[in-house]
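Here is the structure we will look at.
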Number of protein chains: 4
Amino acid sequence: MKTTFTEKQMHILTVAEELIAKKGFEGTSVRDISSKAKINVAMISYYFGSKEKMMANLYHFRVQKTREHFAEFAETIKDGRPEMQMREIIKYLTTQLFKYNYFHGFVTQELRHTEHLKQDLLDFYKLCVEKIDEIIKKGVVTGTFSFAPKPEDVLVNILGSTLFTIRNKNFIELSVPFKNEEQYMKEAEKKLRNSLTFTTFAILGYVID
Amino acid sequence: MKTTFTEKQMHILTVAEELIAKKGFEGTSVRDISSKAKINVAMISYYFGSKEKMMANLYHFRVQKTREHFAEFAETIKDGRPEMQMREIIKYLTTQLFKYNYFHGFVTQELRHTEHLKQDLLDFYKLCVEKIDEIIKKGVVTGTFSFAPKPEDVLVNILGSTLFTIRNKNFIELSVPFKNEEQYMKEAEKKLRNSLTFTTFAILGYVID
Amino acid sequence: MKTTFTEKQMHILTVAEELIAKKGFEGTSVRDISSKAKINVAMISYYFGSKEKMMANLYHFRVQKTREHFAEFAETIKDGRPEMQMREIIKYLTTQLFKYNYFHGFVTQELRHTEHLKQDLLDFYKLCVEKIDEIIKKGVVTGTFSFAPKPEDVLVNILGSTLFTIRNKNFIELSVPFKNEEQYMKEAEKKLRNSLTFTTFAILGYVID
Amino acid sequence: MKTTFTEKQMHILTVAEELIAKKGFEGTSVRDISSKAKINVAMISYYFGSKEKMMANLYHFRVQKTREHFAEFAETIKDGRPEMQMREIIKYLTTQLFKYNYFHGFVTQELRHTEHLKQDLLDFYKLCVEKIDEIIKKGVVTGTFSFAPKPEDVLVNILGSTLFTIRNKNFIELSVPFKNEEQYMKEAEKKLRNSLTFTTFAILGYVID
DNA sequence: GATGAATGAGGATTCATTCAT
DNA sequence: AATGAATGAATCCTCATTCAT
């Protein structure tokens with residue numbers, strides 16, 4: 001699968017991603033995409049072979065980018081103290097998911113019959129688990145953390161809570177002061193991050209001074 | 001909106017639920033449903049008015065049942081000790097979500113343009129929050145719990161982690177011994193429950209003896 | 001074809017006539033009729049064999065009634081002077097058409113593939129022609145009328161102008177003071193009758209004193 | 001609304017007009033049209049948006065053409081004597097209606113819910129009224145005509161009689177020698193024109209020398 | 001005699017894709 | 001390389017009718 005695209009292809013993918021995020025894969029027609037992207041209907045088949053293949057490319061591309069980005073991020077925190085690292089990871093993941101929520105929104109739902117594509121996402125998850133594991137181990141060794149929960153459980157907790165928050169806006173609203181859309185998203189993210197940090201530190205047995 | 005259906009209507013809903021869970025609402029045609037349910041294509045419109053209305057009925061029905069069931073459940077644990085109650089709630093929610101995972105799979109994704117339907121789900125969430133709040137308060141008063149986290153955060157954690165687990169089977173597989181499908185689901189649920197119980201008790205400051 | 005119906009059948013026909021007049025034959029579904037008539041959908045097929053046969057019965061019935069009614073009317077004027085008779089015929093025909101305009105609206109349009117039914121209407125037209133012919137002849141003989149136009153031409157003129165008036169409300173409105181629907185119809189009918197009377201007498205060479 | 005069409009669009013409209021004239025708008029399916037026009041079913045939606053919009057285009061187009069044509073015609077007779085002008089107008093209108101009878105057949109009946117489209121036809125009628133009014137006035141001034149009937153009454157008479165003749169073939173047949181279809185139409189038109197000319201001159205008080 | 005459930009045929013439209021240019 | 005026209009398959013839904021009761 002390709003990971004580099006011409007400018008026109010990227011343009012299509014960008015528009016497609018936005019629309020699919022809003023209306024779902026099946027809810028988004030190639031006409032919608034082509035009209036919004038101001039290109040010919042035929043271009044999607046022409047460039048990607050089919051609508052589904054375009055989707056696969058989009059998916060692959062986005063996850064690839066996410067992995068690369070995470071790798072870069074991981075590098076920047078590699079010398080910190082474990083509690084700082086953990087705090088940063090939580091911040092990073094929530095921020096990214098909130099930013100690309102539209103993407104993660106369809107990732108797990110709309111890609112049916114394309115099981116093999118999920119391998120990409122899996123690789124990303126593995127990377128996260130590795131890093132978290134590393135941090136936990138370091139924290140335990142240094143005595144910063146009292147407990148050593150399974151890293152995948154920690155990740156499930158972080159990702160699950162974040163995606164749930166994103167997808168259940170009307171529930172979250174009940175406990176987040178709502179002014180306007182943008183402000184709300186910020187507040188929701190902040191509340192979530194506080195909660196996740198508290199929870200994660202709790203299961204790590206880390207006592208905030 | 002109706003909550004009782006004839007046998008034939010229930011049959012359609014059951015088949016529809018299964019298919020929609022697998023292939024999504026838009027990915028499931030009325031022909032798919034009717035052919036699997038061995039009924040005439042026209043029956044869906046005939047019974048429910050339209051495909052979308054059928055979906056709304058299905059949704060409403062399932063949430064309604066869930067709420068009723070939860071209310072019954074809540075009654076059964078009302079006299080227990082807080083830590084037992086919390087354990088039971090976690091068990092209850094994970095079990096239910098695993099059981100009706102196909103339903104919860106599309107609930108938050110596929111129902112576009114039917115924002116009003118989400119009110120039902122919201123009411124269910126509120127019920128959960130109330131109950132959790134009650135338990136936390138009791139636990140704190142009795143000195144069983146040291147901390148009083150926000151009940152909605154606890155719920156987000158439980159539901160988010162559970163749905164993530166259900167939706168990311170291929171990730172969970174990595175850390176759960178896989179024999180066969182059924183066995184796997186049991187193990188995954190067990191692992192999740194352990195993790196959630198540990199996490200929840202950690203943020204409640206409850207020390208397992 | 002039947003001309004007598006049970007009360008229930010008549011009820012169906014009455015409702016059907018009204019709906020068909022408003023929305024056309026094809027635009028009116030048996031469901032529309034049955035729901036408005038508060039009867040079962042199956043009744044139409046049950047009583048009349050099919051929707052189309054119901055229509056044929058309705059048509060036949062209405063024309064039959066019209067003929068009988070016209071015959072009665074003709075009797076009442078048979079001793080009058082020709083100019084009075086002619087005036088009365090014009091009045092009669094316009095009044096009837098305005099009254100049953102909905103019927104005449106579909107008569108000539110919606111009954112496709114049922115050419116044979118038109119025989120009924122034809123018979124009614126013949127009856128009119130006969131009567132008009134009689135009047136003209138008498139008028140000419142008595143010297144009341146100077147000319148003897150073809151009776152069918154006179155009829156075409158009367159019926160054509162009337163139906164055109166009924167069917168082109170928005171044109172007629174331009175030259176008829178419009179207050180409310182009912183008032184308008186009365187005014188339109190009056191204007192039409194004046195015009196027709198004037199025209200008919202003109203071609204008969206009858207000079208109004 | 002468009003008034004110019006590509007060759008293919010015109011082809012569709014032509015076929016559609018013919019079929020709709022025969023079987024009505026609702027009685028004609030897009031499948032009928034596409035199969036007769038030897039095009040794909042999807043083309044109607046593709047070109048016109050929907051069946052109904054196609055109809056609106058057809059309607060608009062036909063009336064537009066009629067108006068333009070009438071304007072041209074009016075120009076050609078503008079210098080004639082009033083009695084000649086009136087004769088020509090009658091001839092023109094009857095000829096046009098006979099030619100496009102299929103069109104005028106559905107115009108007033110089948111276009112429900114599209115009241116605004118009738119404005120087009122109304123404009124055409126107005127044009128006719130204007131011209132007729134002009135002729136009458138000139139005739140009265142020059143002493144050619146003795147009476148000044150309302151121009152709209154004259155038009156109603158002409159159009160009504162013509163449409164009635166077209167729509168009631170089996171009645172007209174009774175007084176028109178029938179050989180073959182084509183011949184019959186010619187004869188019917190001729191008989192109608194004679195009658196209309198006589199009638200119109202009668203109400204104008206014009207004495208044919 | 002009358003009905004409500006159920007049917008299959010057919011309705012218009014939208015879809016992703018292809019093809020000639 | 002890129003496009004606009006055109007296509008056939010599939011969509012959901014509505015129709016008049018039938019059938020078991």
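Since the structure is predicted, the reported quantities are computational estimates derived from the model, not experimental observations.
- Under the 3.5 Å distance criterion, the side-chain polar atoms of B:Lys51 are matched with a main-chain donor or acceptor of B:Phe25.
- Here B:Tyr46 reaches the OP1 or OP2 of E:dA5: one of its side-chain N or O atoms lies under 4.0 Å away.
- With F:dT7, F:dA2, E:dA2 as the candidates, the nucleotide lying closest to the side chain of D:Asn40 is F:dT7.
- With rounding to the nearest 0.5 Å, the separation of NZ in A:Lys36 from CG in A:Leu19 is 5.5 Å.
- When heavy atoms are screened at a 4.0 angstrom cut-off, A:Thr28 is found touching the sugar-phosphate backbone but no base atom.
- D:Phe48 comes within 4.0 angstrom of no nucleic acid atom, judged by non-hydrogen atoms across all strands.
- Atom CZ of residue A:Arg167 and atom CG of residue B:Leu163 lie 8.0 Å apart, to the nearest 0.5 angstrom.
- Proximity of a side-chain donor or acceptor of C:Asp123 to a complementary backbone N or O of C:Asp120 within less than 3.5 Å is not detected.
- F:dA16 is paired with E:dT7 under the Watson-Crick or G-U wobble criterion, all donor-acceptor distances under 3.5 Å.
- For the pair C:Met55 CE and F:dA16 P, the computed distance is 13 Å after rounding to whole Å.
- For the pair A:Ile12 CD1 and F:dA1 C1', the interatomic distance rounds to 13 Å; values are reported in whole Å.
- One atom, NZ of A:Lys8, and another, C1' of F:dA2, lie 7 Å apart when rounded to the nearest Å.
- Two residues, B:Ala42 and C:Ile39, neighbour DNA chain E, and the one matched to the more 5' nucleotide by heavy-atom proximity is C:Ile39.
- Side-chain nitrogen and oxygen atoms of D:Ser50 include at least one within less than 4.0 Å of the OP1 or OP2 phosphate oxygen of E:dT13.
- In this entry the distance linking CE of A:Met43 with P of F:dT3 reads 5 Å, nearest Å.
- With rounding to the nearest 0.5 angstrom, the OH atom of B:Tyr46 is 12.0 Å from the CD1 atom of B:Ile39.
- Straight-line distance from the CG atom of B:Leu19 to the C1' atom of F:dT11: 16 Å, rounded to whole Å.
- Rounded to whole angstrom, the span from the CZ atom of D:Arg31 across to the C1' atom of F:dG8 amounts to 11 Å.
- Between B:Gly49 and A:Tyr47, it is A:Tyr47 whose nearest contact on DNA chain F lies nearer the 5' terminus.
- Remark: P of F:dG4 and CD of D:Gln9 are 16 Å apart, rounded to the nearest angstrom.
- At whole-Å resolution of the value, NZ in D:Lys51 and P in E:dA12 are 5 Å apart.
- Across all strands shown, F:dA1 forms no Watson-Crick or G-U wobble pair with both distances under 3.5 Å.
- A:Ser29 comes within 4.0 angstrom of the backbone, heavy atoms only, and of no base.
- For the pair C:Asp32 and B:Val30, both in contact range of DNA chain F, the more 5′-proximal nearest nucleotide belongs to B:Val30.
- The residue A:Thr6 sits apart from the nucleic acid: no heavy atom pair falls under 4.0 Å.
- Which of F:dC13, E:dT3, E:dT13 sits closest to the side chain of B:Ser45 comes down to F:dC13.
- Remark: side-chain polar atoms of D:His11 are paired, donor with acceptor, to backbone N or O of D:Ala37 under 3.5 angstrom.
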